[in-house]
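To keep things clear, I will list the structure first and then write my remarks on it.
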Amino acid sequence: MTPIRIGIVGVGKIACDQHVPSIRANPAFRLVGTASRNAAIEGVPNFPDIDSLLEGVDLDAVALCVPPGPRHDMALRALVAGKHVLLEKPPGATLSELDDLVAAAGREKVSLFATWHSRHAAGVAAAKAWLATRMVRRMQVDWKEDVRRWHPGQAWIWEPGGFGVFDPGINALSIVSEILPKPIHLTSATLLFPGNRAQPIAADLAFADADGDDRVMATFDWRQTGPQTWTITASTDDGDLVLENGGAKLTIGDDLVVDGADVEYAGIYRRFAALVGQGESDVDLRPLRHVADAFMIGRHVRTDDFDD
Ligand code: NAP
């Protein structure tokens, strides 16, 4: 098979930590260039912006690893140029900006992939399979991490469109919406905003499903120092299912089912290659919709100023 020639736009933390090694480890892809204002990847040409990348090198696809704010314009340029597009999460800064991207992908007959990396964590598929035949009485989501440790110097994350604590929290919602057998909708939310920041540092969410209220409760908090928590617990009549470490570790009752390595981005690139091969797109906006709902109906509460 001829490798898919791919360029990366936005050479920041996630591009260097995950995209470059995952692309280079997958023979279905060949990294042919990058677009970055401040960085470069050894061994491939770097261009200052996406337009010069699209003009300067022959490629089939681009992976957009920039923050959500500037992503829509870049995605549209790439799609209109006939390139397959992989979007980092969250897929956009608004819900409706995804509409013309989906339309453009259809028009140009290229693949658009809105990735949710946490769905590829080692325990998620088995959790989904186990829950598929069970009634989830209650689900508790605790996503608590230290923003200073995971997002040092990322000013964009605190600005409008940067999502604040929903930047990691949307990963939890991507797993929840993947593994729950029934759809849920947000019924209440409280968002804590530092006095000096435009995005929330913590949030509490409650979701209902068709069978009742408070089916899923979620706490996202960026102020957790010490041990970090990325845990989802589902209570069923057959016992508890617990996903830990962001979905990498799965326990059902007393049985440790999976305690896997970091396979998320390998999974993303396998899926992208399959989508391109099949001429399909995959754009699931449910996690983004839950976050939009939280900003819409959430009670906004001011809390202490936060400095990096
Ligand atoms: P980052 O370290 O800040 O890197 C983003 C890069 O995008 C920057 O280095 C910058 O590269 C480029 N960029 C282009 N336009 C920009 C703009 N207007 N503002 C800021 N940067 C701009 O961020 P990241 O952590 O890699 O996150 C990027 C995306 O990946 C986010 O959507 C995030 O949610 C997602 N993600 C991050 C992680 C993680 O652990 N960090 C994990 C999974 C997903 P140049 O200066 O080189 O142009």
Side-chain angles (χ1 to χ4, degrees), residues 7-23 31 33-42 44-54 62-78 85-94 97-98 101 113-121 124 143-175 198-200 220 222 228 230 245-248 262-269 271-272 283 285 287-288 290-291 308:
I8 288 179
V9 184
V11 180
K13 184 171 186 327
I14 201 61
C16 297
D17 289 358
Q18 296 286 355
H19 288 264
V20 172
S22 302
I23 290 169
L31 184 63
T34 55
S36 168
R37 300 160 305 175
N38 304 296
I41 299 292
E42 217 179 298
V44 293
N46 181 63
F47 299 86
D49 53 41
I50 186 162
D51 289 333
S52 47
L53 171 69
L54 292 171
V62 294
L64 297 182
C65 303
V66 297
R71 204 177 295 137
H72 169 265
D73 283 357
M74 297 175 178
L76 196 56
R77 282 163 201 270
V85 171
L86 180 155
L87 302 171
E88 250 299 349
K89 52 62 56 168
T94 70
E97 73 182 36
L98 272 306
L101 299 186
F113 183 22
T115 62
W116 297 110
H117 64 85
S118 294
R119 288 183 175 174
H120 299 270
V124 171
W143 229 249
K144 301 175 182 174
E145 61 177 50
D146 183 352
V147 63
R148 289 190 175 92
R149 181 163 155 197
W150 300 104
H151 300 281
Q154 291 185 343
W156 59 267
I157 219 160
W158 292 105
E159 294 301 319
F163 285 72
V165 77
F166 288 102
D167 178 82
I170 202 169
N171 299 334
L173 297 176
S174 76
I175 296 178
Q199 296 295 305
F220 304 153
W222 250 351
Q228 307 285 284
W230 301 283
N245 299 345
D262 179 1
V263 292
E264 297 179 13
Y265 280 78
I268 280 181
Y269 277 96
R271 173 90 176 120
F272 192 36
V283 182
L285 298 182
L288 186 62
H290 292 316
V291 172
D308 282 326

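Atoms within a ligand are numbered from 1 in the order they appear, just like the ligands themselves.
- Shortest contact from atom 1 (P) of ligand 1 to any protein heavy atom: Gln154 NE2, 3.5 Å.
- With a 4.0 Å heavy-atom cut-off, ligand 1 is reached by the side chain of Asp167 but not by its N, CA, C or O.
- Residue contacts with ligand 1 for Arg71 involve side-chain atoms from C-beta outward but no N, CA, C or O (heavy atoms, distance under 4.0 Å).
- Using a distance-only test at 3.5 Å, with no hydrogens or angles considered, no donor-acceptor pair links the side chain of Glu264 to the main chain of Ala121.
- At least one N or O atom of Lys89 sits closer than 3.5 Å to an N or O atom of ligand 1.
- Closest protein heavy atom to atom 46 (O) of ligand 1: Asn38 ND2, 2.4 Å.
- Between the choices Leu64, Val66, Ile8, the shortest heavy-atom distance to atom 12 (C) of ligand 1 belongs to Val66.
- Remark: ligand 1 and Lys13 share an N or O pair separated by less than 3.5 Å (distance only, no angle test).
- Of all the heavy atoms of Arg37, the ones lying under 4.0 Å from any atom of ligand 1 are found in both the backbone and the side chain.
- When all heavy atoms are compared, the tightest approach of Pro287 to Arg119 is CG-NH2, 3.8 Å.
- Nearest non-hydrogen protein atom to atom 27 (O) of ligand 1 is Trp156 CZ2, 3.8 Å.
- Contact of the Leu98 side chain with the Leu288 side chain is registered, since non-hydrogen atoms from C-beta on lie closer than 4.5 Å.
- Residues Ile157 and Trp222 meet the side-chain proximity criterion, which asks for heavy atoms closer than 4.5 Å.
- For ligand 1, the atoms sitting less than 4.0 Å from at least one non-hydrogen atom of Glu88 are 30 (O), 35 (C), 36 (N), 44 (C), numbered in the order shown with element in parentheses.
- At the top of the distance list for atom 20 (C) of ligand 1, counting protein heavy atoms only, stands Pro67 CG, 3.5 Å.
- Relative ring orientation between Tyr265 and His117 is described as parallel, the plane-to-plane angle staying below 30° on a 0-90° scale split at 30° and 60°.
- Considering only heavy atoms from C-beta on, Ile268 comes within 4.5 Å of Leu86 through its side chain.
- For the pair Cys65/Val11, no side-chain contact is recorded, criterion being any heavy-atom separation below 4.5 Å from C-beta on.
- Of all atoms in ligand 1, listed by their number and element, those nearer than 4.0 Å to a heavy atom of Pro90 are 32 (O), 34 (O).
- Only the side chain of Pro70 comes within 4.0 Å of ligand 1, judged by heavy-atom distances.
- Between Lys89 and Thr115, the closest heavy-atom pair is CB-O, 3.4 Å.
- Of the possible polar contacts, one joining the Arg71 side chain to the Val66 backbone as a donor-acceptor pair under 3.5 Å is found.
- Ligand-side atoms of ligand 1 in range of Tyr265: 43 (C), 44 (C), range being under 4.0 angstrom from any heavy atom.
- Looking only at heavy atoms of the protein, atom 8 (C) of ligand 1 is closest to Gly12 CA, 4.3 Å.
- When each atom of ligand 1 is checked for a heavy atom of Ser36 under 4.0 Å away, the hits are 45 (P), 47 (O), 48 (O).
- Each of the following atoms of ligand 1 lies closer than 4.0 Å to a heavy atom of Pro68: 32 (O).
- A 4.5 Å side-chain heavy-atom check between Asp167 and Trp156 finds at least one atom pair inside the cut-off.
- Of the polar atoms of Trp150, none of the N or O atoms is found under 3.5 Å from an N or O of ligand 1, judged by distance alone.
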Check your understanding: Taking it one step at a time, do Trp230 and Trp150 satisfy ring pair (Phe, Tyr, Trp, His ring centres under 6.0 Å)?
Key -> CA-CA 13 Å; Trp230 301 283; Trp150 300 104; 5.6 Å; yes
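- Between the choices Ala93, Gly153, Gly10, Cys65, the shortest heavy-atom distance to atom 28 (C) of ligand 1 belongs to Cys65.
- Inclusion of Ile14 in the set of residues having an N or O under 3.5 Å from an N or O of ligand 1 is warranted.
- Heavy atoms only, all atoms of each residue included: Leu87 and Ala75 are closest at CD2-CB, 4.0 Å.
- Of all the listed residues (Val11, Val9, Ile170), Val11 holds the heavy atom that lies closest to atom 11 (O) of ligand 1.
- Taking 4.5 Å as the limit, some side-chain heavy atom of Leu76 sits within range of a side-chain heavy atom of Leu101.
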